[in-house]
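I have placed the structure first, in the form of structure tokens, so that the comments after it can refer back to it.
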Amino acid sequence: MSRYEPSQSEAKWQTAWNEAELFAARPDPARPKYYVLEMFPYPSGRIHMGHVRNYTMGDVVARYKAAQGYAVLHPMGWDAFGMPAENAAMERGGHPKDWTYGNIADMKEQMRPLGFSLDWTREFATCDPDYYGQQQSMFLDMLKAGLVYRKNAVVNWDPVDMTVLANEQVIDGRGWRSGAEVERRELTQWFFKISDYSEELLSALDGLKDWPEKVRLMQANWIGKSRGLQFAFSTKDAPDGFEALEVYTTRPDTLLGASFAAISPDHPLAKHLERHDPAIAEFVAKCRAGGTTEEAIETAEKLGMDTGITVRHPLNTEVELPVWIANFILMDYGTGAIFGCPAHDARDFEFATKYGLPITPVFEPVEGDYPAAEFVPLKSEPVRYIRGFAGNEIQTGEDGVASAIAFCEENGIGQGVTKFRLRDWGLSRQRYWGCPIPVVHCESCGVVPEKKENLPVALPYDEDGTPIDFSVPGNPLDRHPSWRDCACPSCGAPAKRETDTMDTFVDSSWYFTRFTSPGAPTPTDPEEVAYWMNVDQYIGGIEHAILHLLYSRFFARAMHKTGHLPADAIEPFDALFTQGMVTHEIYQTRDEKGRAVYHLPEDVEDGKLKATGEAIETIPSAKMSKSKKNVVDPMNIIAQFGADTARFFVMSDSPPERDVEWTAAGAEATSKFLARVHRIADEIAASEAPADPAQDTALLKATHKAIDEVTRSIEGFAFNKAVATLYGLSNTLSKSKAGAEAKREAMKLMAQLMAPMVPHLAEEIWAMLGGTGFVISAPWPKADPALLVEDTVTLPIQINGKRRSELSVPKDMGKEEVEKLVLEDEHVRKALDGGQPKKLIVVPGRIVNVVI
RNA sequence: GCCCGAGUGGCGGAAUGGUAGACGCAGCGGAUUCAAAAUCCGCCGACGCAAGUCGUGCGAGUUCGAGUCUCGCCUCGGGCACCA
């Protein structure tokens with residue numbers, strides 16, 4: 001008899017695997033390759049249950065594919081640049097570099113006991129000078145290839161701290177530290193020309209068959225291809241140089257419903273007026289208050305100001321429309337100017353109602369009257385045009401738009417234009433802890449790329465021998481005494497380095513290619529990258545559905561264009577899986593002022609605080625977060641139950657794409673189950689029961705059914721169903737009266753099926769039953785189709801769609817014979833009461849429905 | 001505000017348009033035990049004595065048949081370009 005003691009056996013097997021170097025990825029021409037990757041973590045310092053879930057999923061896939069004979073690449077690294085390191089330095093002193101590398105060491109120590117099949121020899125952090133030096137090298141190649149350029153763009157500006165704020169540092173329109181009202185300010189910044197690839201990134205989505213449909217949809221909407229009309233209003237009383245006002249509209253069919261024109265506060269005309277008219281300057285300044293997010297702009301109160309300028313209606317030059325400046329017009333989309341048709345646009349309606357502008361319907365419902373507020377039917381819906389100017393009176397919005405564009409083109413009013421919502425990717429960050437942008441500003445030569453032999457342009461660690469001080473707001477690179485000053489790479493004259501660093505999305509846009517050759521002297525090694533790319537299975541959070549994944553798709557194309565990736569790797573992720581979060585209830589009490597005080601789950605027992613016995617309020621589950629203290633430390637779970645319990649629990653119950661609720665009871669139940677499996681295996685190992693052909697066959701059939709189900713579940717990322725199947729198989733095994741030999745074989749197969757999820761226990765059982773080698777190196781079992789077929793099936797009999805009876809028949813019984821038997825059924829005879837059914841539906845092998 | 005999801009017993013969830021609730025948790029009953037823990041066996045959507053009726057967020061619809069498909073809502077979650 002041996003007991004289940006994970007604390008001993010888990011460490012033992014991990015040592016054995018490491019000694020056998022099982023997880024080092026090696027190209028092997030004799031086998032197909034498989035690259036499985038989980039989104040690499042930000043080194044916050046502590047792993048959390050979300051990490052455990054994410055990496056367990058990847059590990060299940062990696063181990064399963066290895067058992068199937070693939071040469072597997074399963075690497076791990078660190079997304080190590082970013083704001084938290086700088087924030088930590090500001091709040092607690094110290095240096096971002098020390099904080100980050102310390103966190104990496106801590107997290108690695110926490111990940112080790114989980115027994116993931118990771119190839120740690122390929123590990124790197126994006127803040128390693130070697131990594132970001134290669135990134136700088138690619139940046140220079142992309143600059144040369146015309147994929148990078150500079151232009152002005154708005155940032156959140158904190159007028160008190162005199163610093164740029166990230167969106168998350170703007171809370172209700174105010175800076176998080178100073179509390180000052182944030183304003184939008186323009187800076188010259190670096191951009192990737194992702195817009196060159198708008199069409200390509202959109203159309204290539206169709207090829208991503210193994211991506212979730214919702215992610216493809218989100219990306220398609222984000223890219224936002226639209227067909228519309230661009231035309232110029234001719235202006236009256238406008239300043240010189242503004243004789244025409246270019247507008248873009250996706251609803252040219254509503255042109256005769258135009259009641260005003262509106263321009264963005266950032267439109268060149270608005271900027272011109274701002275310089276000459278104090279009232280407009282004041283208004284525009286008001287528009288610029290608040291953060292830069294689309295959400296902030298769209299939910300802000302609609303503000304407008306009449307400029308006094310008018311434009312002539314292109315279809316009827318007698319009609320003049322006023323030109324307003326409006327805070328909800330985005331300069332980044334279209335031309336930064338629109339015409340407003342309040343009758344058929346909710347935003348225009350709100351604006352027109354507020355400022356008393358006319359509302360002129362262009363179309364109405366085919367049946368019924370024009371509604372009280374705006375009327376915005378689906379474009380695919382037919383409507384009756386009462387102020388149409390092109391095509392039929394009754395047509396869909398789509399047709400109306402198409403004929404309006406055709407009409408305007410014929411009459412020289414404007415052109416049909418395709419536009420995209422997708423904007424170029426601004427990569428400049430006015431921060432220290434990021435990859436320096438490797439260019440130099442020279443007074444005579446302008447912007448000069450750094451020479452490649454001078455890369456990496458490394459971040460300075462200290463100033464004259466003392467670590468950089470982060471207690472002062474702003475970017476330390478800007479005020480560094482020696483780092484900033486340099487010689488111009490072109491003319492050698494004194495020059496200044498660019499002090500902006502790169503968006504951390506750049507770091508995460510190519511790390512998956514670097515894993516194929518982490519030590520290469522170039523960004524990628526052609527042979528290695530050609531062998532390992534693409535990522536066969538990518539796993540990460542749904543929150544990355546748009547930005548990270550879209551930027552990576554673009555970057556792969558840019559890398560191809562600059563010779564760093566082969567043509568067949570421009571869609572880097574063959575299959576994508578997006579997993580849900582790990583959630584937990586929140587426990588709180590109130591302090592004397594009635595404010596919420598949160599408590600860790602481990603400090604709570606039976607609805608009371610362990611320490612004081614004070615009753616706690618329980619708030620429904622939410623994503624685990626430190627601020628709400630609803631976190632369960634994986635280390636505690638591993639210490640108490642072992643890694644396999646933690647791994648198995650996060651795979652149980654909830655489907656992986658959905659959020660999973662962590663419950664202490666669930667973890668304990670999982671641990672009990674694993675102990676039970678261990679006990680059953682132990683009993684089987686000692687058993688001497690003689691063979692029993694009937695029982696042995698029944699067990700063999702059940703085992704093969706489980707092989708089939710677990711295999712299909714893992715293939716379909718339905719790990720919760722694989723777990724349910726294993727529960728079922730363990731019950732079958734414990735109750736089976738089969739002989740010892742048959743049971744040993746069944747148990748060994750079960751160990752193989754469990755191995756991807758609970759590898760340590762599986763090894764233990766495999767060894768106990770005399771399996772050869774490691775269970776994880778044993779080839780994945782195949783279900784024998786002959787053992788999966790059932791001879792008889794139970795057909796439910798429905799009467800009018802409701803289940804009333806059932807019928808047991810041989811699997812392949814013909815339709816007519818089944819019908820005959822159905823009509824003889826007691827319930828059916830009773831319901832028919834001597835009559836004939838209206839209809840008798842027999843779906844062979846599935847169901848019978850008698851319609852009366 | 002805009003885009004994308006999700007909603008099934010007390011709880012987590014299962015169900016190629018075909019027996020709703022597999023499997024697990026909690027709960028209840030029993031066995032074992034001096035007793036307990038552990039373990040094992042059984043019951044377990046609601047109402048009803050029963051026959052049965054009702055049940056997948058709400059309201060319509062398509063279908064012989066809807067948790068599943070369509071339309072309109074509600075609630076919760078993710079994203080909205082400088083959190084990662």
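In the text below, chain A, chain B and the rest are named by the order of the sequence lines, each starting its count at 1. What you see below is based on every heavy atom in this structure, not just the backbone, and it leaves out hydrogens, waters and symmetry mates.
Base pairing analysis places B:A14 opposite nothing; no Watson-Crick or G-U wobble pair with both distances below 3.5 Å involves it. A 3.5 Å limit on both hydrogen-bonding distances identifies B:G52 as the Watson-Crick or G-U partner of B:C47. Across all strands shown, B:G5 forms a Watson-Crick or G-U wobble pair with B:C76, both key distances being under 3.5 Å. In a base pair of the Watson-Crick type (N1 to N3 plus N6-O4 or O6-N4) or a G-U wobble (N1-O2 and O6-N3), with each distance short of 3.5 Å, B:A31 is matched with B:U39.
Between A:Phe505 and A:His548, the ring planes are parallel. Angles under 30° get that label, and only those over 60° would be called perpendicular.
Picking from B:G79, B:U16, B:G24 the nucleotide with the shortest atom distance to the side chain of A:Glu543 gives B:G79. Set against B:G13, B:C3, B:A84, the side chain of A:His544 has B:A84 as its closest nucleotide. Of the listed nucleotides (B:C64, B:C82, B:C80), B:C64 has the atom at the smallest distance from the side chain of A:Lys839.
Across all strands, A:Asn731 comes closer than 4.0 Å only to sugar-phosphate atoms, never to a base (heavy-atom distances). Within the nucleic acid shown, A:Phe505 comes within 4.0 Å of at least one base atom, counting heavy atoms only. Contact annotation for A:Pro212: no contact, since no heavy-atom pair falls under 4.0 Å across all strands. Counting any heavy atom pair closer than 4.0 Å across all strands shown, A:Arg658 reaches sugar-phosphate atoms only and no base atom. A:Val851 comes within 4.0 angstrom of sugar-phosphate atoms only, judged by non-hydrogen atoms across all strands, and of no base. In this structure, A:Gln169 reaches neither bases nor backbone, as no heavy-atom distance under 4.0 Å exists between it and the strands shown. Counting any heavy atom pair closer than 4.0 Å across all strands shown, A:Ser654 reaches sugar-phosphate atoms only and no base atom. At a threshold of 4.0 angstrom between heavy atoms, the contacts of A:Val723 with the nucleic acid are absent. Here A:Trp222 lies in heavy-atom contact (under 4.0 Å) with a base. At the heavy-atom level, A:Lys672 lies under 4.0 Å from the strands shown only through sugar-phosphate atoms. As judged by a 4.0 angstrom heavy-atom cut-off over every strand, A:Gln219 is placed among residues making no nucleic acid contact. Using a 4.0 Å heavy-atom distance criterion, A:Leu422 is classed as a base contact. Counting any heavy atom pair closer than 4.0 Å across all strands shown, A:Thr725 reaches no nucleic acid atom. Among the protein residues, A:Gly82 comes within range of the sugar-phosphate backbone only, with heavy atoms under 4.0 Å from sugar or phosphate atoms but none that close to a base.
For B:C3, neither phosphate oxygen OP1 nor OP2 lies less than 4.0 angstrom from any side-chain nitrogen or oxygen of A:Arg216. Between A:Arg421 and the phosphate of B:C2, there is no side-chain N or O to OP1/OP2 separation shorter than 4.0 Å. Taking 4.0 angstrom as the limit, A:Asn849 places none of its side-chain polar atoms (N or O) nearer than this to OP1 or OP2 of B:G18. A sub-4.0 Å separation between OP1 or OP2 of B:C40 and a side-chain N or O of A:Arg676 is present. The phosphate of B:G24 has neither OP1 nor OP2 within less than 4.0 Å of any side-chain N or O from A:Asn720.
Geometrically, A:Lys151 engages A:Phe191 in a cation-pi contact, judged by NZ or CZ lying under 6.0 Å from the ring centre and within 45° of the ring axis. Both cation-pi conditions hold for A:Arg421 and A:Trp222: the charged atom is under 6.0 angstrom from the six-membered ring centre and inside a 45 degree cone around its axis. The cationic group of A:Arg216 does not satisfy the cation-pi geometry with A:Trp211, failing either the under 6.0 Å distance to the six-membered ring centre or the 45° limit from the ring axis.
The interatomic distance linking A:Tyr727 (OH) with B:A14 (C1') rounds to 15 Å, in whole Å. Atom pair A:Glu86:CD and B:C82:C1' shows a separation of 12 Å (rounding to whole Å applied).
Its glycosidic angle being more than 90° from 0, B:G52 falls on the anti side.
RNA chain B is contacted by both A:Asp653 and A:Ile841; A:Asp653 maps to the nucleotide lying nearer its 5′ end (nearest heavy atom per residue). Checking A:Thr293 against A:Val215, the closest nucleotide of RNA chain B that is more toward the 5' end is the one next to A:Val215.
Comment: A:Arg429 does not engage A:Glu86 in a salt bridge, judged by the lack of any side-chain N to carboxylate O separation of less than 4.0 angstrom.
Looking at every heavy atom in both residues, A:Tyr727 comes nearest to A:Ala669 through OH-O, 4.3 Å.
Ring centroids of A:Phe717 and A:Phe719 are separated by less than 6.0 Å, placing the two rings close together. Aromatic ring centres of A:Trp425 and A:Tyr551 lie closer together than 6.0 Å.
Spacing of C1' atoms, B:A46 relative to B:C23, comes out at 22 Å, to the nearest Å. When the C1' atom is used for both B:G45 and B:C11, the distance is 13 Å, rounded to whole Å.
Side chain A:Gln430 to base B:C82: a donor-acceptor pair is found below 3.5 Å. Judged by distance alone with a 3.5 Å cut-off, a donor-acceptor contact links the side chain of A:Glu295 to the base of B:C80.
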